[in-house]
Amino acid sequence: MKAISAYSFDLQQRSMAAVWHPCSIMKQHENHALIPIVRGEGTWLYDADGNRYLDAISSWWVNLFGHCNPDINAAIRDQLDKLEHVMLAGFAHEPAIQLAEKLKSLTANLLGHCFYASDGASATEIALKMSFHYWQLSGKQQKTNFIHLKNSYHGETLGALSVTDVVIFKQMYAPLLRQCATMPTPDWRYADAGESHKDYALRAASMLENYLAQHHATTAAFILEPLVQGAAGMGMYHPVYLQRAREICTQYQVHLIADEIAVGFGRTGTLFAYEQADAVPDFLCLAKGLSGGYLPLSVVMTSDNIYQPFYDEKSSRTFLHSHSHTGNALACRAALATLDLFEQQDVITNNRGKTTYLNKICEPLATHPRVRNFRNCGMIWAFEFETEEHDFATQCFQAALKQQLLLRPLDKTVYFMPPYIINQHEMNLLVSGTLNVLNTLSK
Ligand SMILES: *Cc1c(COP(=O)(O)O)cnc(C)c1O
């Protein structure tokens, strides 16, 4: 990497002084300087000194079609000169309508009511509140509890954090949170020796069933991340769990909330992960890739059946929840442009070829002596690095930068979640750079 310029140094100092960065131990940046990014293009990010980094994690899992994508940029520019934003209470606009219609059609018209918000955590809050409210309106007032999986992540606002099970995010705030029962995770890393991923998933599902057999009368909803538990360290599980969860929730009249904030839009190899188990949820939460990763936008989609009791004159039967930027026109246009790209470029099919190629060249990673549990689901790859080093994540991040890679391990889990536009040359760089990182850190 080039020496740090005066400009870059200035940006670092000013950011340290004025910006409180998310998910960051600010004091550690005394030793590990922040990286001022000035430009993005395709899979690459460029810093203020002209170094570039391959964005192997799609900037916190949001980017689908690269930075500064020409088609998405054009759509936002076009919208910018028409309408940037209008409140969605009492008003309507074409981008919000078109997007809702489009999303509805992508769920085979089963989830036809779209409630917009601005970020993922808000989508979780909305789904939880809607589920609770639905039961209040349906004569089942005792259904007030939510259940979630071990190692779940659904966002960090207080309601979302209540159904999240990641110790570092939750520990300090525990006194502020609702108590929610935690179900065993189907993540196959927890399977017994010799137990197949499918058998383990079925075992986890039977424990869910046992719980609901006892507690269904007080349970409003079960929230899960379909197929891949992201923040848990890309914990992957067999789709049979989803299928069983859907059946069990239906049997016990408990809503199934699919949090596809990270896994939606092709990440797991299908447009929505729930498709792989034909497990249509009662609520589908989408965000992150929804706008191609460009602008804050989320949506909760639900069925006619859930919508119906809210459709009434009385305010007590109305779902009262609002965010200032609900259904922002620029964000909706970015989302429409993103969905157009899926169609025009047959992305889901093309990604299959990329998955096959990356799996093939990952062979030396998968068989590396320090690598455990190498796994893949669609456009997500992950493995654990065997090390005693407590600071592995930071060291790996730093070593990766020297290889022109943006990798940001979750504890000892290294993962790839690249933008879908990644080409073979870039995939080669990703794998060879990661091998160099692992070999450096193995010494
Ligand atoms: C990122 C994420 C969220 C929270 O979304 P934000 O936009 O960061 O609030 C919720 N659930 C899952 C599965 C996520 O990956």
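Quick caveat, the model's predicted, so the values are computed rather than measured. Order of listing sets the numbers, starting from 1, for every ligand and every atom in it.
Under a 4.0 Å N-O distance rule, the pair E384/R189 qualifies as a salt bridge. A salt bridge links D282 with R246; the closest basic N to acidic carboxylate O contact falls under 4.0 Å. With salt bridges taken as basic N to acidic carboxylate O contacts below 4.0 Å, none links K104 and E101. Under the 4.0 Å criterion applied to side-chain N and carboxylate O atoms, E41 and R52 are not assigned as salt-bridge partners.
Those atoms of ligand 1 that come under 4.0 Å of a heavy atom in G155, given as number and element, are 4 (C), 10 (C). Counting atoms of ligand 1 from 1 in the listed order, those under 4.0 Å from a heavy atom of H154 are 10 (C), 11 (N). Within ligand 1, the atoms closer than 4.0 Å to a non-hydrogen atom of A262 are 15 (O), numbered from 1 in the order shown. Of all atoms in ligand 1, listed by their number and element, those nearer than 4.0 Å to a heavy atom of G120 are 4 (C), 5 (O), 6 (P), 7 (O), 9 (O). Near K288, the atoms of ligand 1 lying under 4.0 angstrom from a non-hydrogen atom of the residue are 1 (C), 2 (C), 3 (C), 14 (C), 15 (O). Ligand 1 places these atoms under 4.0 Å from at least one heavy atom of A121: 4 (C), 5 (O), 6 (P), 9 (O).
Ligand 1 has a nitrogen or oxygen under 3.5 angstrom from a nitrogen or oxygen of D259. Residue contacts with ligand 1: I261 is placed with no nitrogen or oxygen under 3.5 Å of a nitrogen or oxygen of the ligand (distance criterion only). Backbone and side-chain nitrogen or oxygen atoms of E225 are examined, and none is located within less than 3.5 angstrom of a nitrogen or oxygen of ligand 1.
Classification of the F169-Y153 ring pair by plane angle, with boundaries at 30° and 60°, yields perpendicular. Ring orientation note: the planes of H216 and Y252 are tilted relative to one another, at an angle of 30° to 60°.
Counting heavy atoms under 4.0 Å from ligand 1, residue A287 does not touch it at all. The parts of D119 lying near ligand 1 are both backbone and side chain, judged by heavy-atom distances below 4.0 Å. Of all the heavy atoms of W61, the ones lying under 4.0 Å from any atom of ligand 1 belong exclusively to the side chain.
Between Y200 and H238, a ring centre-to-centre spacing not shorter than 6.0 Å is recorded. The aromatic ring centres of F222 and F146 sit 6.0 Å or more apart.
In this structure, atom 9 (O) of ligand 1 has protein heavy atoms in its sub-4.0 angstrom surroundings.
A side-chain donor-acceptor contact under 3.5 Å links K143 to the backbone of T219.
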